[in-house]
Amino acid sequence: MRLSRYFLPVLKENPAEAQIVSHRLMLRAGMIKQSAAGIYSWLPLGFKVLRKIENIVHEEQARAGHIPFQMPILQSADLWRESGRYDDYGEEMLRMKDRHGRDLLYTPTAEELVTDIFRSHVGSYRDLPLTLYQIQWKFRDEIRPRFGVMRGREFLMKDGYNFDLTKEDALHAYNRHLVSYLRTYERMGLQAIPMRADSGPIGGDNTHEFLVLAETGESEVFYDSAVTDIRLGSREIDYDSVEACRAVMEQFTALYARTDETHDAAKFAEVPEARRRVARGIEVGQIFYFGTKYSEPMGATVQGPDGKPVPVHMGSHGIGVSRLLGAIIEASHDERGIIWPEGVTPFHAGVVNLKVGDAEADAASEAICAAMTAAGLEPLYDDTDERAGAKFATQDLIGLPWRITVGPRGLKNGVVELTSRRTGESEELPPEEAVKKLIAIYEGHLVRGM
RNA sequence: CGGGCUAUAGCGCAGUCUGGUAGCGCGUCCGUCUGGGGGACGGGAGGUCGUAGGUUCGAAUCCUGCUAGCCCGACCA
């Protein structure tokens, strides 16, 4: 992409409305624009990252055997009356009427609708297990939205629902989700710690939240510092194996890690003092097992092997897709701007032409972009007439993890500069070598963008 | 929803107390010079001062209502 033809309205100064760093940087980097309190337009750069995050979620869901589908944003109140949640949800649910006076609502979550789909079409235990998920916009009419996309009213969320014959099967689904979520976050360059949580309006008694440690987090968290040493890494896990999933779940949840909602001071005191940590965290996902809470009242049953109808055991699982952008930035930035992890970066590298109009610099820059594109990498080619300082400042702000600087000075010696955004380290290389190095860096990190 | 605050050019702000018809920086447009960390000089464009009403010869400025946004709290992914 040529920067001169892209739409990247960066701001030099901090907008007054933004208080926390991720909100400030998203506005300054031209990723979002507020439309109303807690409601944002996604400008091209922000939209690109959003799509990459979505695609990682999709890929990891597919790997775990979960099936994508989509439910509507506006839902009839009828099903919600059936479950009793139309009244329970309160003012947070945005309600409206259509021209016929029918009650509609903007979905804050979708247990009712998916349960209705299930009961309409699934009748036999032979159809189980089943896990359906969607990535869809949600709305929760927060009293006080704040912190940009971290606490918006409209937000993009992956929500999944598992249907199983028995509690044991549903707990396997729970563990399988826990593992797949860990993989998902790790691919985004994030460490998200599963913490025992409170189930809130979803209900149920088995639930974990995934927290990214960050000073600006909305939740106070208490944990044994040893949990931060556990990584899934590159190990292969058989999602069909009850044992394998349970082992990972046990490994990640054995140590003390809780949010303030479930914090138990007595149990926390058992953690060796040197490893006790009190910090803040951003919630980026949550998984629930809630048994027959919805299937029973809504009549979501299957016939078992004995021919008798039994209510299915369910769970639901969510990833805050739009909120993840804020979480990633909170966890990865410096005073100059964002630092994208390779897995989610909107462009794989910035190609900065320091002397646009110079035949050699133009040709070398374009050749680098062509070679990157041929290898499946997306360059952001800064072909504008800005001065070097301004170009670098923009690159630093928008946070592409790698920059190739092309200028007459280097080209005289047949080299360009490859610079890491994270470390600031540069090395001079012939253009082909720089591209080769990028290809190696991104091995295993390629995600479809937009 | 309780408490506090704000609204003046695309962004950040001054001007409001003490009423006299709007200004600064950045950005933007044109030109010249410049060219490896937000460059210099010159010349432009851009605002019915959130909105409705009131006071006044005269309102960005004083008064009232409304709307929107921000902060703290309660709530929440």
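Chain letters run A, B, ... following the sequence lines, proteins first and then strands; every chain starts at 1.
Contact annotation for A:Glu92: backbone-only contact, meaning every heavy-atom pair under 4.0 Å involves sugar-phosphate atoms and none involves a base. Residue contacts for A:Gly38: at a heavy-atom cut-off of 4.0 Å it reaches no nucleic acid atom on any strand shown. Within 4.0 Å (heavy atoms only), A:Asp396 reaches at least one base atom of the nucleic acid. Counting non-hydrogen atoms under 4.0 angstrom, A:Gly410 reaches a base of the nucleic acid. Among the atoms of the strands shown, none is found under 4.0 Å from any heavy atom of A:Gly320. At the heavy-atom level, A:Ala36 lies under 4.0 Å from the strands shown only through sugar-phosphate atoms. Among the protein residues, A:Ala393 comes within range of the nucleic acid bases, having at least one heavy atom under 4.0 Å from a base atom.
Nucleotides B:G37 and B:G42 have their P atoms positioned 24 Å apart, rounded to a whole Å. B:U51 and B:G69 have their C1' atoms separated by 14 Å, given to the nearest Å. Nucleotides B:G36 and B:A40, compared at atom P, are 15 Å apart to the nearest Å. On the C1' atoms, B:G27 is 28 Å away from B:C71, given to the nearest whole Å. Between B:G20 and B:C62, the two P atoms lie 11 Å apart (nearest whole Å). Between B:G47 and B:G4, the distance separating the two C1' atoms is 29 Å to the nearest Å. Across the C1' atoms, B:G43 and B:U61 are found 33 Å apart, a figure rounded to whole Å. Comparing the P positions of B:A9 and B:G23 gives an interatomic distance of 13 Å, to the nearest angstrom.
Within the structure, every side-chain polar atom (N or O) of A:Gln395 is placed at least 4.0 Å from both OP1 and OP2 of B:G38. A sub-4.0 Å separation between OP1 or OP2 of B:G27 and a side-chain N or O of A:Lys12 is present.
Donor-acceptor pairing under 3.5 Å is recorded for the side chains of A:Gln34 and A:Tyr40.
Look at CG on A:Asp385: it is 16 Å from C1' on B:G27, rounded to the nearest Å. Computed from coordinates, the A:Asn14 CG to B:G38 C1' distance equals 14 Å when rounded to whole Å. Rounding to whole angstrom units, CD of residue A:Glu13 and P of B:G38 are separated by 16 Å. As a whole-Å value, the separation of A:Ile143 CD1 from B:C1 P is 9 Å. Rounded to whole Å, atom P of B:G35 lies 12 Å from atom NZ of A:Lys412. Here the C1' atom of nucleotide B:G37 and the CD atom of A:Glu417 are 12 Å apart, to the nearest Å. A:Glu17 places its CD atom 9 Å from the P atom of B:C71, with the value rounded to the nearest Å. The interatomic distance linking A:Leu8 (CG) with B:U28 (P) rounds to 13 Å, in whole Å.
Counting only heavy atoms from C-beta on, A:Ala390 has its side chain closest to B:G38 among B:G38, B:G37, B:C75. Distances from the side chain of A:Arg144 to the nucleotides B:C70, B:G73, B:C26 place B:G73 closest. Of the listed nucleotides (B:C76, B:G12, B:G38), B:G12 has the atom at the smallest distance from the side chain of A:Ala16. Of the candidate nucleotides B:G35, B:C70, B:G38, B:G35 has the atom lying nearest to any side-chain atom of A:Arg387. The listed nucleotides are B:G36, B:C70, B:C76; the one nearest the side chain of A:Phe392 is B:G36. Minimum atom distance to the side chain of A:Arg28 is reached by B:G38, of the listed B:G36, B:G38, B:A74. Nearest to the side-chain atoms of A:Leu354 among the listed nucleotides B:G36, B:G38, B:C76 stands B:G36. The A:Arg146 side chain lies nearest to B:C75 when the options are B:C70, B:C75, B:G12. The side chain of A:Arg151 approaches B:C75 more closely than any other nucleotide in the set B:C75, B:G12, B:G69.
Looking at heavy atoms from C-beta onward, A:Tyr181 lies in side-chain contact with A:Ile287 at the 4.5 angstrom threshold. Contact of the A:Thr131 side chain with the A:His177 side chain is registered, since non-hydrogen atoms from C-beta on lie closer than 4.5 Å.
Remark: of the listed residues A:Tyr6, A:Trp340, A:Tyr381, A:Trp402, A:Tyr6 is the sole one forming a ring pair (Phe, Tyr, Trp, His ring centres under 6.0 Å) with A:Phe347.
Here the straight-line distance linking atom CZ of A:Arg176 with atom CG of A:Asn162 works out to 6.5 Å at 0.5 Å rounding.
A salt bridge links A:Lys97 with A:Asp103: the closest approach of a Lys/Arg side-chain nitrogen to an acidic carboxylate oxygen falls below 4.0 angstrom.
Sequence order on RNA chain B of the closest nucleotides to A:Ser35 and A:Val284 puts A:Ser35 first from the 5' end. When each of A:His23 and A:Glu261 is assigned the nucleotide of RNA chain B bearing its nearest heavy atom, the one mapping closer to the 5' terminus is A:His23.
Nucleotide B:A60: unpaired (no Watson-Crick or G-U wobble partner with both distances less than 3.5 Å). With both pairing distances under 3.5 Å, B:G2 is matched to B:C72 as a Watson-Crick or G-U wobble pair. Base-pair partner of B:G38: not found among the strands shown (Watson-Crick or G-U wobble, both distances under 3.5 Å).
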Practice task
List the steps, then state whether side chain to side chain donor-acceptor pair (under 3.5 Å) holds for A:Ser420 with A:Thr423.
Solution key: CA-CA 6 Å; A:Ser420 159; A:Thr423 66; 3.2 Å; yes
